[in-house]
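The model shown is predicted, which means the values in this text are computed figures rather than measured ones. Side-chain atoms are counted along with the backbone in the values below, which use heavy atoms only and exclude waters and symmetry mates.
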Amino acid sequence: MTGAGAKTPTTSPLGALVTTLYGVGPERALQLGRLGIRTIEELLLHRPRRYEDRRRLQKIAALQEGEPAIVHGKVVAQGTKWYRQHTKSIFEIILEDGTARLHCRWWNLPYMEKYFALGDEVLVFGKPIALKPRTMDHPETEVLEGGEEALIHLNRITPVYPLTDGLPQRWLRALIWRTLQAFGNKIPDPLAPDLARLASGPDSRGARHTSLGRGEALRLLHFPEETEQAETARRRLALEEFFELQMQILQRRRNFESRTQALACGGDNHLIRPFLAQLGFKLTEAQTRVLRELRQDMSGRHPMRRLLQGDVGSGKTVVAACCALMALEGGFNVVLMAPTEILAEQHFLNFSKWFEPLGVRVELQTGSRKTLDMGDGQPVSRNAAAPLLVIGTHALIQSGFALEDLGLVIIDEQHKFGVAQREELVRKGNYPHLLVMTATPIPRTLGLTLYGELDVSTISELPPGRGRIKTFVRTADKLPKVWDFIRSQLRAGRQAYVVYSRVDEESLDVKAVTKEFTIIQEALEPFRIGLVHGRLPAREKEMVMTAFRAGEVQVLVATSVIEVGVDVPNANIMLIENAEQFGLAQLHQLRGRIGRGAQDSFCILVAAAKSQEAQQRLRVLEMTADGFKIAEADLKLRGPGELLGQQQSGIPQFRFGDLATDLVLIQEARELARRNAETLKR
Ligand code: ADP
Ligand code: MG
């Protein structure tokens, strides 16, 4: 794992700098450095980008158009053609292998000339774009030499490495080959004993990676004899990375638990009981089960550190409210932080309605509205008669805010915050309990790595009595029909969201909310249309939201600021234009704004007609309403950074591990780490 610090002690021969290797001078060392390779270990961990099976060279005459292939021939002609006043060029070589000729062309890379000479034996990998004459554009090439070199580069499954300017593929491959020869049996294997034990355990994909030594894994990574061996080696090395991370997570959690003692926030039910009685609905089984887990944490020995996940609309807020009441029952104060003012205001409304009859003060603390006066800089202190719930945004972490006797911190839509912000809020108290909530269902791989030190509870069912959500992917030419449909729904008393990805127009391809707003206003006369986006003043946003909640505004034209939290059961239409601009998980969140009432709801995703691929991607949403499946698809398509949002820092970078596919390995690593820590304790 990069950045996690080398586990290998510096005394290991692998910790030596690459400059100690034969043939690596200052210039090469610099080039290697650009690839992140400074030590011999880093060199051996340089992962091939792909492999070429050079045991199966093709004849040039047998090339098929569009089929990638490797051929091998002699340069019989070469030259550069210049045009456009010598600003553009094509460099071309012609290869001949006894069966036919192949033209290889490179645009605007005139320096390619110096790589080839007439008579050179050249290996070429590429896709023929034409057969008359046979032509490849910008293929990958390698000039062959005879002798022992052939052993490394030819007649085998050959690794192809990521390179940098001036560093030749063959040189790097030969260096890695020689280094493996020299160090192959000196590679320390920190996992060896643990892995041997694990090898006896079950693994759905075959446990061969666990019986590989580290040295053997590295050899197979670079020079596998069969294609599958490279993957086995990758899994072995990935396991090591995951193990290292899991050990760190475990260690952090252990340290935390040895340092801290929990505040007694189990509660005595005197607030929860009346709260549930007046709520107007019964908690679902899933909510009740989760609540039991939370109560156990909050009356336990160590402060709670728990992630509550549940699909959009699964009813996390009520669970958080119960959790808050437990702390309040014990006389402790509670804070709840939400990522947007819109959501904080909405929570403020709900919690005030719920808690004030119980004699609990609820306060709001956002950038634009503060019901608490912190003017004298004194922390708000506990008043046994009236413990306090403070709801807010980032404003809560700003320095001026302080609250004594903080028993519980709740963070809603936590993926919109960074870990640092979360910790900052927690530090306002003396190890309060922490509940973080997210509606982006987190694929288990991410849950176990990114949130590895949190316990996880999942609300696995939606409350009963919800109408269905039907989802449609449409191209822009169908919009007139879509608007007709929306008009008919509005006439029936329903409300609609219309979402755009941009505030202002930047390109003709992507519509912007400010411009569309006026168009929609005219088109939907006499219905009332509201506008919200992130750049409006908070007061204006709140006025529009209030009007929309009250049904005075029928259509809310918005950016994705409404993505999180907004809860208006009468709204049953979600139209998203330029849907291809959003990630799947984000679209699922947006869709979660509807389907909250008993009536059926409709989500219409409009995508540019020209992007077949985008439309294909969006169909995942047509097919499933399961947030976990969608998040997994998104993880595979776009990676963890995109799935969780840019704010989410701290996604570990793996050389070999893949968060999209390696669940089994991560579970193994966790188990290994757990056993390892146990042996350490004894
Ligand atoms: P999310 O999990 O997305 O935060 P919310 O907490 O906003 O979902 O809940 C969505 C809606 O479902 C709210 O209007 C809430 O009052 C309602 N709700 C929550 N739990 C139940 C339940 N057990 N039965 C009926 N409605 C519920
Ligand atoms: Mg919510």
Side-chain angles (χ1 to χ4, degrees), residues 1-52 54 109 111-112 114-116 122-123 125 138-145 147-154 156-190 214-224 230 233-234 236-238 240-241 244 652-658:
M1 196 175 87
T2 50
K7 167 174 61 239
T8 322
T10 40
T11 49
S12 150
L14 298 191
L17 294 178
V18 280
T19 41
T20 60
L21 294 171
Y22 175 76
V24 182
E27 193 191 341
R28 289 288 186 232
L30 226 88
Q31 292 165 338
L32 290 171
R34 282 208 297 272
L35 294 169
I37 302 173
R38 281 161 306 266
T39 64
I40 294 173
E41 173 157 42
E42 283 163 346
L43 176 70
L44 292 180
L45 291 174
H46 190 53
R47 183 177 170 187
R49 185 157 57 77
R50 59 182 182 84
Y51 300 87
E52 277 177 8
R54 294 187 180 172
L109 295 171
Y111 59 81
M112 289 295 290
K114 62 177 196 263
Y115 288 135
F116 304 100
V122 178
L123 200 69
F125 170 74
H138 291 256
E140 287 185 36
T141 59
E142 219 174 285
V143 177
L144 298 174
E145 286 151 36
E148 79 107 8
E149 287 267 287
L151 189 68
I152 307 176
H153 307 286
L154 272 184
R156 62 158 56 255
I157 298 173
T158 311
V160 178
Y161 296 98
L163 295 174
T164 176
D165 253 4
L167 195 68
Q169 188 63 251
R170 291 171 66 79
W171 181 86
L172 181 59
R173 190 182 298 131
L175 178 69
I176 290 177
W177 170 275
R178 287 199 313 268
T179 310
L180 276 170
Q181 301 288 314
F183 290 86
N185 51 12
K186 294 186 204 147
I187 295 173
D189 191 347
R214 191 174 195 232
E216 184 63 6
L218 286 172
R219 195 181 64 74
L220 293 179
L221 175 75
H222 295 288
F223 297 101
R234 179 198 73 81
R236 166 64 168 78
L237 296 163
E240 216 169 90
E241 291 180 314
E244 208 176 308
Q653 297 290 310
F654 299 106
R655 269 198 182 96
F656 300 101
D658 181 351

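Considering CD1 of Ile37 and CG of Leu167, their distance stands at 8.0 Å, rounded to 0.5 Å. Between the CZ atom in Arg54 and the CZ atom in Arg156 there is a gap of 10.5 Å [rounded to 0.5 Å]. Note that CG of Leu172 is 4.0 Å distant from CD1 of Ile176, once rounded to the nearest 0.5 Å. From Lys114, atom NZ reaches atom CE of Met112 across 10.0 Å, with rounding to the nearest 0.5 Å. Atoms CG and CZ, on Leu44 and Phe183 in that order, are 8.0 Å from each other to the nearest 0.5 Å. Here Leu32 contributes atom CG and Leu21 contributes atom CG; the two are 9.0 Å apart, rounded to the nearest 0.5 Å.
Of all heavy-atom pairs between Ala217 and Ala233, the closest is O-CB, 3.2 Å. Closest approach of Ala16 and Thr20 over heavy atoms only: CB-OG1, 3.9 Å. Closest heavy-atom contact between Leu35 and Leu163: CD2-O, 3.6 Å.
Every residue was checked against the side-chain contact (heavy atoms from CB on, under 4.5 Å) condition with Leu30, not counting sequence neighbours, and none meets it. For Val160, the side-chain contact (heavy atoms from CB on, under 4.5 Å) partners are Arg49, Arg50, Glu52, Glu140, Gln169, Arg173, not counting sequence neighbours. With sequence neighbours left out, the side-chain contact (heavy atoms from CB on, under 4.5 Å) criterion links Ala29 to Thr19, Val24. Applying the side-chain contact (heavy atoms from CB on, under 4.5 Å) criterion to Phe656, with sequence neighbours excluded, gives Leu45, Arg47, Leu221, Arg234, Leu237, Ala238, Glu241. Residues passing the ring pair (Phe, Tyr, Trp, His ring centres under 6.0 Å) test with Tyr161, sequence neighbours excluded: His46, His222.
With salt bridges taken as basic N to acidic carboxylate O contacts below 4.0 Å, none links Arg655 and Glu240.
For residues 26-37, every residue pair satisfying the side-chain hydrogen bond (donor to acceptor under 3.5 Å, both in side chains) rule, not counting sequence neighbours, is listed here: Arg28-Gln31, Arg34-Thr164.
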